[in-house]
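Below you'll find the structure, written out as structure tokens, and then a few comments.
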Amino acid sequence: MVLRLGSTAPDFEAQTTKGDIKFHEFIGDKWTILFSHPADFTPVCTTELGLVAALQDEFDSRNVKVIGLSANDLESHGKWIADINEINGVDLQFPIIADADRKVSHLYDMLDHQDITNVDAKGIPFTVRSVFIIDPKKTIRLILSYPASTGRNFDEILRVIDSLQLGDQHRITTPGNWKKGDDVIVHPSVSTEEAQKIFPKGVKVVRPYLRLTPSPF
């Protein structure tokens, strides 16, 4: 199965550091970020998980659940979390999926087909650094894949969530390098006449196809 934007996120059952889950039940009525890590006790992953743990309040304020995945077992995960907390000065509370058999990694096409060094002792590939943003309807809204050697920018992931949530609530899109609070773009399906009625803060017509308005929030 090929996963694309707009696909329903595949459901699965898995063991996690917070107990067994059924993924769709875990999502519930929240936005969810599923992000993979090549392996436990690896340097880039350790910094990434520390960053995510430190941003927990930011995710909570956006109604977002976070769930990680790494290609090791629960015992390994538990020991690794202790390291993550000590190194980064955090208290990691979100679940991490134990995917030693790569079942979920296969389902979401996360395995590394590029880096021949990103494998376990048996030569089985670990994952790349995948990110899936999934909305409360279980629809995939964003897919990112970073190489194992490059840590992710979680400020960018928060930025995308802000853009998606704002676009779902209002008839807008967001420009390049947009950040929360910046002006937004009137959606192309909205005429300028209608835009002037539904955006009380005003509409700036740069071109007929490019109309800006202050952010609703």
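Predicted model only: the values in this text are computed from it and were never measured.
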Item to complete: Quick one: pull up OG1 in Thr174 and CG in Asn177 and give me the separation to the nearest 0.5 Å.
Response: 10.5 Å
Practice prompt. For the pair Phe41 and Trp80, name the ring-plane relationship: parallel under 30°, tilted 30 to 60°, perpendicular over 60°.
Written response: tilted
Worksheet item: Has Glu193 got more than 12 heavy atoms of other residues, nucleotides or ligands less than 6.0 Å from its CD?
Response: no
Fill in: Lys138 side, atom NZ; Thr8 side, atom OG1 - distance, nearest 0.5 Å
10.0 Å
Item to complete: Decide whether Val186 and Val206 are clustered together by the hydrophobic rule: side chain heavy atoms of Ile, Leu, Val, Met, Phe, Trp, Tyr closer than 4.5 Å, transitively.
Response: no
Practice prompt. Could you tell me whether the side chain of Lys201 and the main chain of Thr213 form a donor-acceptor pair under 3.5 Å?
Written response: no
Discussion item. Hydrogens and angles aside, do Arg129 and Thr150 bring a side-chain donor and acceptor to less than 3.5 Å of each other?
Written reply: no
Sequence neighbours excluded and cut-off under 3.5 Å, please list the side-chain donor-acceptor pairs for residues 87-94, or say none.
{"residue": "Asn88", "atom": "ND2", "partner": "Thr46", "partner atom": "O", "Å": "3.2"}
{"residue": "Asn88", "atom": "ND2", "partner": "Ile84", "partner atom": "O", "Å": "2.9"}
{"residue": "Asp91", "atom": "OD1", "partner": "Gln93", "partner atom": "NE2", "Å": "2.9"}
{"residue": "Asp91", "atom": "OD2", "partner": "Gln93", "partner atom": "NE2", "Å": "3.0"}
{"residue": "Gln93", "atom": "OE1", "partner": "Lys18", "partner atom": "NZ", "Å": "3.3"}

Practice prompt. Give the cluster check for Ile133 versus Leu144: same hydrophobic cluster or not, with ILVMFWY residues linked at side-chain heavy-atom distances below 4.5 Å.
Written response: yes
Worksheet item: Any sub-3.5 Å donor-acceptor pair from Arg211's side-chain atoms to Val190's backbone N or O?
Response: yes
Discussion item. If hydrophobic clusters are built by linking Ile, Leu, Val, Met, Phe, Trp and Tyr wherever their side-chain heavy atoms come under 4.5 Å apart, do Ile97 and Leu107 end up in the same one?
Written reply: yes
Item to complete: Verify side-chain contact (heavy atoms from CB on, under 4.5 Å) between Phe59 and Val52, making sure each step is shown before the conclusion.
Response: CA-CA 9 Å; Phe59 292 116; Val52 176; 3.9 Å; yes
Item to complete: Keeping to residues at least two apart or across chains, list the ring-ring contact (aromatic ring centres under 6.0 Å, His included) pairs with something in residues 147-173.
Response: Phe35-Phe154, His170-Phe217
Worksheet entry | Intermediate values then yes/no, salt bridge (Lys or Arg N to Asp or Glu O under 4.0 Å), Asp168 and Lys137 | CA-CA 12 Å; Asp168 282 1; Lys137 296 179 181 178; over 6 Å; no
Discussion item. Please report the interatomic distance CG(Leu34) to CD1(Ile143), rounded to the nearest 0.5 Å.
Written reply: 11.0 Å
Item to complete: Starting at CZ of Arg141, measure out to OG1 of Thr32 and round the result to the nearest 0.5 Å.
Response: 13.0 Å
Discussion item. Given 3.5 Å as the limit, does a donor-acceptor pair link the side chain of Ser36 with the main chain of Met110, or not?
Written reply: no
Fill in: Exam field: side chain Tyr108 to backbone Pro10, donor-acceptor pair closer than 3.5 Å
yes
Item to complete: Sort out for me which residue in Ile67, Ile134, Ile161 forms a side-chain contact (heavy atoms from CB on, under 4.5 Å) with Ile33.
Response: Ile161
Worksheet entry | Within-4.5 Å side-chain heavy-atom neighbours: Ser163 and Trp178 | yes
Discussion item. In this structure, would Leu158 and Leu142 fall into the same cluster of hydrophobic residues linked by side-chain contacts under 4.5 Å?
Written reply: yes
Fill in: Donor-acceptor pair, side chain of His37 and main chain of Ala39, under 3.5 angstrom
no
Discussion item. Could you measure the distance from the CG atom of Leu3 to the OG atom of Ser130? Nearest 0.5 Å is fine.
Written reply: 10.0 Å
Worksheet item: Is the backbone of Arg152 close enough, under 3.5 Å, to the side chain of Glu48 for a donor and an acceptor to pair up by distance?
Response: yes
Worksheet item: What's the verdict on salt bridge (Lys or Arg N to Asp or Glu O under 4.0 Å) for Glu156 and Arg159, showing C-alpha distance, side-chain angles and the deciding distance?
Response: CA-CA 5 Å; Glu156 168 64 5; Arg159 189 187 78 90; 2.7 Å; yes
Worksheet item: Looking just at side-chain N and O atoms, do His77 and Asn72 make a donor-acceptor pair shorter than 3.5 Å?
Response: no
Discussion item. Do Val205 and Ile185 sit in one hydrophobic cluster, given that two such residues count as connected whenever their side-chain heavy atoms are within less than 4.5 Å of each other, even indirectly?
Written reply: no
Discussion item. Please check: side-chain N/O of Thr47 versus main-chain N/O of Val44, any donor-acceptor pairing under 3.5 Å?
Written reply: yes
Worksheet item: Do the side chain of Arg102 and the main chain of Ala100 share a donor and acceptor less than 3.5 angstrom apart?
Response: yes
Discussion item. side-chain contact (heavy atoms from CB on, under 4.5 Å) for Val184 and Leu166? Distances and angles first, verdict last.
Written reply: CA-CA 10 Å; Val184 297; Leu166 198 61; 4.0 Å; yes
If you look only at distance, which donor and acceptor atoms sit under 3.5 Å apart when one is on a side chain in residues 24-31 and the other is two or more places apart or in another chain?
{"residue": "His24", "atom": "NE2", "partner": "Ala9", "partner atom": "O", "Å": "2.6"}
{"residue": "Lys30", "atom": "NZ", "partner": "Asn63", "partner atom": "OD1", "Å": "2.8"}

Discussion item. So Val64 and Gln165, do their side chains get closer than 4.5 Å, heavy atoms only?
Written reply: yes
Worksheet item: Looking only at heavy atoms, which two atoms of Cys45 and Thr42 are closest? And how far apart?
Response: SG-OG1, 3.1 Å
Worksheet item: When you look at Leu49 and Ile96, which way does the side-chain contact (heavy atoms from CB on, under 4.5 Å) test go after all the steps?
Response: CA-CA 10 Å; Leu49 284 167; Ile96 301 175; 4.2 Å; yes
Discussion item. Please evaluate residues Arg62 and Asp162 with respect to the criterion salt bridge (Lys or Arg N to Asp or Glu O under 4.0 Å), reporting the C-alpha separation (whole Å), side-chain torsions for both, the decisive distance (0.1 Å), and the verdict.
Written reply: CA-CA 8 Å; Arg62 291 164 171 82; Asp162 288 337; 2.7 Å; yes
Worksheet entry | Shortest non-hydrogen contact from Asp182 toward Ser215 | O-CB, 3.2 Å
Discussion item. Measuring from atom CG of Asp83 to atom NZ of Lys79, what distance do you get when rounded to the nearest 0.5 angstrom?
Written reply: 11.0 Å
Item to complete: Please report the C-alpha distance between Val131 and Ile157 in whole Å, then the side-chain angles of each, then the deciding distance to 0.1 Å, and finally whether the side-chain contact (heavy atoms from CB on, under 4.5 Å) criterion is met.
Response: CA-CA 9 Å; Val131 180; Ile157 293 169; 4.0 Å; yes
